[in-house]
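Notes follow the structure.
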Amino acid sequence: MAALVRCRVLFQSFRCQTSIINGVCRSDNVLHTFLNKRSHCVRPAFNGGVRLYSSDVNSGDDLIVRYLDGDDSGIVVLGINRPKSKNAISKNLVMVMSEAVESLKKNNKVRTVILCSMVPGIFCAGADLKERAKMHQSEVGPFVTKARTLITELGTLPMPTIAAIDGAALGGGLEMALACDIRVAATSAKMGLVETKLAIIPGAGGTQRLPRTVGVSIAKELIFAARVLSGDEAKSLGLVNHAVEQNQSGDAAYLRALDLAREFIPQGPIAIRMAKLAINQGIEVDLKTGLAIEEACYAQVIPTKDRLEGLLAFKEKRPPCYKGE
């Protein structure tokens, strides 16, 4: 009973955060490109309309944040952009990603977040070892703590998160992907927790999230051997949800992630957030407590206008128009 009371307090707090989500009505029109300023792309425009950025983007930024518009309104893309360092995790990247994640956490208009790379052939190579080598021993611990906190915050974002792995995701790079709800990889991508090669262990959640994803025994084997998997191998172990053949543009996983995000947008935004909360919290406890958590989450959607809109739309045989209220 005490656990249920605690859950209800938490969910009441969460409800206050989600009660003003603003959505957009979806139409049956063909989904168009993100932005149409083709002359200002930081990467080439690809067939199918992906990752077009307007002139306010600084291609020198370690992280590029884009809020998509039109029919894709509600999707936010976080693009890691450190080409000279293979997107390695640096002090600055941790800082700017932490700021972006904190901003997303407070933004009730965001429906789905896609974490991807702006650098062809790489997702994230893990910690920036060149920068790490210059750190004093006393600096290493605080830096790892900040990186761990960032990845934890990424994992607790209230809206769905998708990692699009179009290239190598090693060490901390894979730990970031593991913190996302869903992972999509190109079959040619390489991923693994390789820290034992450097006589250390995964320090940003890898020893905890990998076993929860693929099972304890498989996770131990992968970490002990510092094994690197292909996208197909990762799919066979359940490490990624989807493995897709890479295309000439090198963004096949991103395109698949975008398709998934577009599937989420028409659904009730408060319901999706509550479902994520129920799953994330319920999986960590026994079934009885998990069912109590589900009940408490369900109670949060009952008084919403979106629930009534869903019933009315079903009765009138039309698509619902959810506003996150």
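The figures here come from the full heavy-atom set of this structure, side chains too, leaving out hydrogens, waters and symmetry mates. Quantities reported herein were computed from a predicted structural model and do not represent experimental measurements.
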Following the transitive rule for hydrophobic clusters with a side-chain heavy-atom cut-off under 4.5 Å over Ile, Leu, Val, Met, Phe, Trp and Tyr, establish whether [X] and [Y] coincide in one cluster.
| X | Y | value |
| --- | --- | --- |
| Phe123 | Val228 | no |
| Leu78 | Val94 | yes |
| Met95 | Leu150 | yes |
| Val96 | Val110 | yes |

Shortest non-hydrogen contact from [X] to [Y]?
| X | Y | result |
| --- | --- | --- |
| Ala253 | Ile165 | CB-O, 3.6 Å |
| Thr187 | Ser230 | O-CB, 3.8 Å |
| Ile114 | Ile75 | CD1-CG2, 4.0 Å |
| Leu93 | Ile89 | CD2-CA, 3.9 Å |

Q: Look at atom CD of Glu316 and say whether more than 12 heavy atoms of other residues, nucleotides or ligands are closer to it than 6.0 Å.
A: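 Enclosed.
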(Q) Counting only heavy atoms not in Ile302 (residues, nucleotides, ligands), do more than 12 fall under 6.0 Å from its CD1? (A)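 More than 12 within 6.0 Å, yes.
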4.5 Å side-chain heavy-atom contact, [X] and [Y]:
| X | Y | answer |
| --- | --- | --- |
| Cys180 | Ile162 | no |
| Val77 | Tyr254 | yes |
| Leu104 | Tyr67 | yes |
| Leu239 | Leu229 | yes |
| Leu193 | Leu222 | no |
| Arg262 | Asp72 | yes |
| Val240 | Val184 | no |
| Leu154 | Leu115 | yes |

Please, which pairs that meet salt bridge (charged side-chain N to carboxylate O under 4.0 Å, His left out) have at least one residue in [range], sequence neighbours excluded?
| range | value |
| --- | --- |
| residues 230-248 | none |
| residues 206-221 | Arg212-Glu284, Glu221-Arg227 |
| residues 142-159 | Lys105-Glu153 |

(Q) Regarding Glu102 and Lys106, does a basic nitrogen lie under 4.0 Å from an acidic carboxylate oxygen? (A)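 Here Glu102 pairs with Lys106 in a salt bridge, since their nearest N and O are under 4.0 Å apart.
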Q.
For a quick check under 3.5 Å, do Asn81 and Asp61 share a side-chain donor-acceptor pair by atom type?
A.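 Per modelled atom types, Asn81 and Asp61 side chains form no pair under 3.5 Å.
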Q.
side chain to side chain contact (heavy atoms under 4.5 Å, CB included) for Cys321 and Glu309? Distances and angles first, verdict last.
A. CA-CA 7 Å; Cys321 180; Glu309 164 62 13; 4.0 Å; yes
Q. Roughly how far, to the nearest 0.5 Å, is the CG atom of Asn92 from the CG atom of Asp62?
A.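 These two atoms lie 4.5 Å from each other.
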